[in-house]
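Below is one structure; the comments refer to it alone.
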Amino acid sequence: MADLQLFNTLSRKKEVFEPLQAKKVGMYVCGVTVYDQCHVGHARVMIVFDTIFRWLQTSGYDVSYVRNFTDVDDKIIQRAKLAGIAIDELTQSMIDAFHQDMDALGCLRPTLEPRATTHMPEMIEMIQALIEKGFAYVCDSGDVLYAVRAFKDYGQLSGKNIDDLESGSRVDVDHHKRDPLDFVLWKQAKADEPSWDSPWGKGRPGWHIECSAMSCKHLGTTFDIHGGGMDLKFPHHENEIAQARAANDGGFAKYWLHNGFVNINAEKMSKSLGNFFTIKEVLERYDPEVLRMFILSTHYRSPLDYSDAALDEAKKGLDRLYETKRKLGEVEAGLLPQRFVDAMNDDFNTAEGMAILFEKCRSLNKSEDKKAAGEFYAMLNFFALLKHDADDWFQGDSEDGSNIDVLVQARDDAKKSRDYAQADAIRDQLLAQGIVLEDTPEGTRWKKA
RNA sequence: GGCAGGGUGGCUCAGUGGUACGGCGGGGGAUUGCAAAUCCCUUAUUCGCGAGUUCGAUUCUCGCCCCUGCCUCCA
């Protein structure tokens, strides 16, 4: 069996995965800031890393998968104020909404979902260590800042160097900063904002320190995998590295994985551009499996263009697979085919895996084979697809089919008496209602168009 | 401007130093009363452009063109 290889952003190469401890993997993925509903871009990270999580488990690793919630932040404070509700109320309702979405999309719960607000001591401790070691300073305004130039490897992950960053910088120069790139670790409290006691007075943490503190607490100062969206590479992940390595003299994450964006009309889907669809909006029109299928059809590092046409295609692909499921019936899952294992071991190539799945589908449509059927279901289980009953998929589980059944029976009677004009008229009538008929050796059945 | 990642058939999406995977769509056929579903055949002399290395490159190297992202919050 080939080794698992993964593309490490740190080296910009595929590397053989070598866990720090045999059989164990620690993986940290940046979660969401809970101030609003999640969109399709969030769905992609979650499904991508869910699949990576599943693959590591399938490969026999005991995986600690940690994904945080950022539950203190400017946007949260603003949003709560605007809505006239307490911050806790907002964040809790968004966390609940997030879980709803993830469950619907078939994402397993991570091992741990730490919240920033319950990790103040760890953050404060890390900031203190940074100050002691000369990587951070308290500026005139009272904020604690990270001194970027003190960390010599700054820019390693994103391939940037400090001088380039400064010359191209669009950041307004803050005169409290020693260097324009220095970023905040601890902010002084403003009136009527949530705050926590600290050696530097009441305040709250900066965004980057949260993830460094929570990942190190739950996975150790050196762990295997850190993931997130491409857009977090800089500055978020770069800053996480600077903080954690400087504070702990540790190696921090060994492998950095970044997924590509979801685009709309070749443009990144994002809150700021306003061109996003929330997961809930999509799920009003499509089954969650369609969204999952859509996302897994492309390699995780490639851009993915969102459109109704693309979702319709994913739906058609699922229809094809469900046809085969309907034909096979429930069969116990067997082993994954070696080619599939190889594809997943090659930097989690789900697109190739899909190709193998569809090849299996075609061969099963030709001739049933118990081993092949077992492999088919093993792949589907791994992807967490085709969980519905096939008839429910095609007919809808809440649909009242009695009226349809009556018409189907009438058409069958017409057919038997060779009154094809009448039979076709009934079929057209059903088609107008969005019902397609199929005559099979076992009788006529229907499905939604 | 700096950095990163891309440009593969009508669309979408993999992949490889030696005649290009899968899905959707199109054409033909089998099946069907006709359809639907399914199966078979077919649909890129060619993988942005130019040059180089090579017996041979879509795959490696260099240059160019174009696209996207990051450099401010962002999954």
Side-chain angles (χ1 to χ4, degrees), chain A residues 7 9 12 29-33 38-49 73-75 155 157-161 163-172 181 183 207 227-236 238 258-263 266-273 276 293-294 297-299 301-305 307 309-310 312-324 326-327 339 343 346 349-367 394 415 418-421 423-424 427-428 431 436-441 444-447 449:
Chain A
F7 185 89
T9 305
R12 286 171 206 86
V29 173
C30 290
V32 290
T33 301
C38 288
H39 58 67
V40 179
H42 299 107
R44 188 173 192 193
V45 205
M46 302 314 157
I47 290 172
V48 160
F49 285 97
D73 163 273
D74 288 341
K75 283 178 188 149
L157 178 73
S158 52
K160 299 176 187 304
N161 72 63
D163 297 320
D164 287 344
L165 281 167
E166 288 194 352
S167 61
S169 178
R170 286 181 266 149
V171 191
D172 291 334
L181 291 168
F183 57 91
W207 176 39
M230 213 74 115
D231 44 1
L232 297 185
K233 224 160 46 168
F234 190 91
H236 185 54
E238 195 70 61
H258 292 98
N259 65 275
F261 297 126
V262 175
N263 295 152
E267 210 178 36
K268 179 185 168 188
M269 178 183 289
S270 71
K271 289 265 157 120
S272 39
L273 288 170
F276 62 90
M293 178 77 183
F294 164 67
S297 296
T298 302
H299 187 91
R301 284 189 283 116
S302 302
L304 180 58
D305 221 64
S307 65
D312 290 342
E313 252 192 49
K315 159 80 165 61
K316 282 180 185 164
L318 284 170
D319 284 345
R320 183 171 163 76
L321 297 172
Y322 268 111
E323 285 289 354
T324 302
R326 178 149 79 169
K327 176 180 171 245
R339 282 178 61 212
D346 182 14
N349 194 338
T350 56
E352 177 69 18
M354 282 294 170
I356 295 162
L357 176 64
F358 277 101
E359 281 174 29
K360 192 64 68 184
C361 176
R362 182 170 355 104
S363 87
L364 283 165
N365 286 337
K366 263 190 279 195
S367 62
F394 288 116
K415 265 178 61 182
R418 297 189 169 273
D419 184 356
Y420 292 122
D424 291 351
R427 186 169 61 194
D428 288 344
L431 186 62
V436 177
L437 297 188
E438 289 175 26
D439 293 331
T440 75
T444 302
R445 62 189 176 196
W446 62 272
K447 64 181 184 186

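Because only heavy atoms are used, hydrogens play no part in the values below, and waters and symmetry mates are left out as well, while side chains stay in. A, B, ... follow the sequence lines: proteins, then strands. Residue 1 opens every chain. Remember, it's a predicted structure, so these values are computed and weren't measured experimentally.
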On the nucleotide [N], are OP1 or OP2 found under 4.0 Å from the side-chain N or O atoms that [X] carries?
{"X": "A/K447", "N": "B/A37", "result": "no"}
{"X": "A/S302", "N": "B/A14", "result": "yes"}
{"X": "A/N349", "N": "B/A14", "result": "no"}

So what does [X] hit on the nucleic acid, given a heavy-atom distance under 4.0 Å: a base, only sugar-phosphate, or nothing?
{"X": "A/H39", "answer": "base"}
{"X": "A/D74", "answer": "nothing"}
{"X": "A/S158", "answer": "sugar-phosphate"}
{"X": "A/M269", "answer": "base"}
{"X": "A/R320", "answer": "sugar-phosphate"}
{"X": "A/G31", "answer": "sugar-phosphate"}
{"X": "A/F234", "answer": "sugar-phosphate"}
{"X": "A/V48", "answer": "nothing"}
{"X": "A/G41", "answer": "base"}
{"X": "A/L232", "answer": "sugar-phosphate"}
{"X": "A/K268", "answer": "base"}

Verdict with reasoning, A/K268 to A/D231, per side-chain contact (heavy atoms from CB on, under 4.5 Å): CA-CA 10 Å; A/K268 179 185 168 188; A/D231 44 1; 3.3 Å; yes

Can you tell me the Watson-Crick or wobble partner of [N], both distances under 3.5 angstrom?
{"N": "B/C62", "answer": "B/G50"}
{"N": "B/C39", "answer": "B/G29"}
{"N": "B/C3", "answer": "B/G69"}
{"N": "B/G9", "answer": "none"}

Between [N] ([atom2]) and [X] ([atom1]): distance, integer Å:
{"X": "A/H299", "N": "B/U8", "atom1": "NE2", "atom2": "C1'", "value": "17 Å"}
{"X": "A/K316", "N": "B/C11", "atom1": "NZ", "atom2": "P", "value": "16 Å"}
{"X": "A/F183", "N": "B/U72", "atom1": "CZ", "atom2": "P", "value": "13 Å"}
{"X": "A/R418", "N": "B/G33", "atom1": "CZ", "atom2": "P", "value": "8 Å"}
{"X": "A/R301", "N": "B/A14", "atom1": "CZ", "atom2": "P", "value": "10 Å"}
{"X": "A/K415", "N": "B/A35", "atom1": "NZ", "atom2": "P", "value": "13 Å"}
{"X": "A/F261", "N": "B/A4", "atom1": "CZ", "atom2": "C1'", "value": "11 Å"}
{"X": "A/N263", "N": "B/U12", "atom1": "CG", "atom2": "P", "value": "12 Å"}

Residue closer to the 5' end of RNA chain B, A/P235 versus A/I356 (nearest nucleotide): A/I356

5'-most by nearest nucleotide on RNA chain B - A/A421 or A/K366: A/A421

Give a yes or no on whether a donor-acceptor pair under 3.5 Å exists between the nucleobase atoms of [N], that is its base, and the side chain of [X].
{"X": "A/E313", "N": "B/G23", "result": "yes"}
{"X": "A/R427", "N": "B/A35", "result": "yes"}
{"X": "A/K271", "N": "B/C73", "result": "no"}
{"X": "A/D424", "N": "B/G33", "result": "yes"}
{"X": "A/R362", "N": "B/C39", "result": "no"}

Given [options], which nucleotide is nearest the side-chain atoms of [X]?
{"X": "A/K160", "options": "B/C3, B/G33, B/A4", "value": "B/C3"}
{"X": "A/D439", "options": "B/A75, B/U12, B/G33", "value": "B/G33"}
{"X": "A/T298", "options": "B/C13, B/G22, B/A75", "value": "B/C13"}
{"X": "A/T33", "options": "B/A75, B/C13, B/G23", "value": "B/A75"}
{"X": "A/E323", "options": "B/A37, B/C3, B/A75", "value": "B/A37"}
{"X": "A/E438", "options": "B/A36, B/G5, B/A75", "value": "B/A36"}

What distance, rounded to whole Å, do you find between the two [atom1] atoms, one in [N] and one in [M]?
{"N": "B/C49", "M": "B/U58", "atom1": "P", "answer": "10 Å"}
{"N": "B/A44", "M": "B/G22", "atom1": "C1'", "answer": "15 Å"}
{"N": "B/C39", "M": "B/U32", "atom1": "C1'", "answer": "14 Å"}
{"N": "B/C65", "M": "B/G26", "atom1": "C1'", "answer": "32 Å"}
{"N": "B/C73", "M": "B/U16", "atom1": "P", "answer": "37 Å"}
{"N": "B/C21", "M": "B/U42", "atom1": "P", "answer": "12 Å"}
{"N": "B/G50", "M": "B/C66", "atom1": "C1'", "answer": "15 Å"}
{"N": "B/C64", "M": "B/C40", "atom1": "C1'", "answer": "45 Å"}

Does [X] reach the side chain of [Y], with side-chain heavy atoms less than 4.5 Å apart?
{"X": "A/E352", "Y": "A/H299", "result": "no"}
{"X": "A/F276", "Y": "A/K271", "result": "yes"}
{"X": "A/L431", "Y": "A/V436", "result": "yes"}
{"X": "A/E323", "Y": "A/N365", "result": "no"}

Pair A/D319 + A/K315, salt bridge at N-O below 4.0 Å: yes

NZ/NE/NH1/NH2 to OD/OE distance under 4.0 Å, A/R339 and A/E359: yes

Plane angle bin for A/Y322 and A/F394 - parallel if under 30°, tilted between 30 and 60°, otherwise perpendicular: perpendicular

Candidates A/R326, A/K327, A/R427 - the one meeting salt bridge (charged side-chain N to carboxylate O under 4.0 Å, His left out) with A/E438: A/R326

Crowding at CZ, A/R418 (>12 non-hydrogen neighbours, <6.0 Å): no

Base of B/G33 and ring of A/Y420 stacked, centres under 5.5 Å, planes under 30°: yes

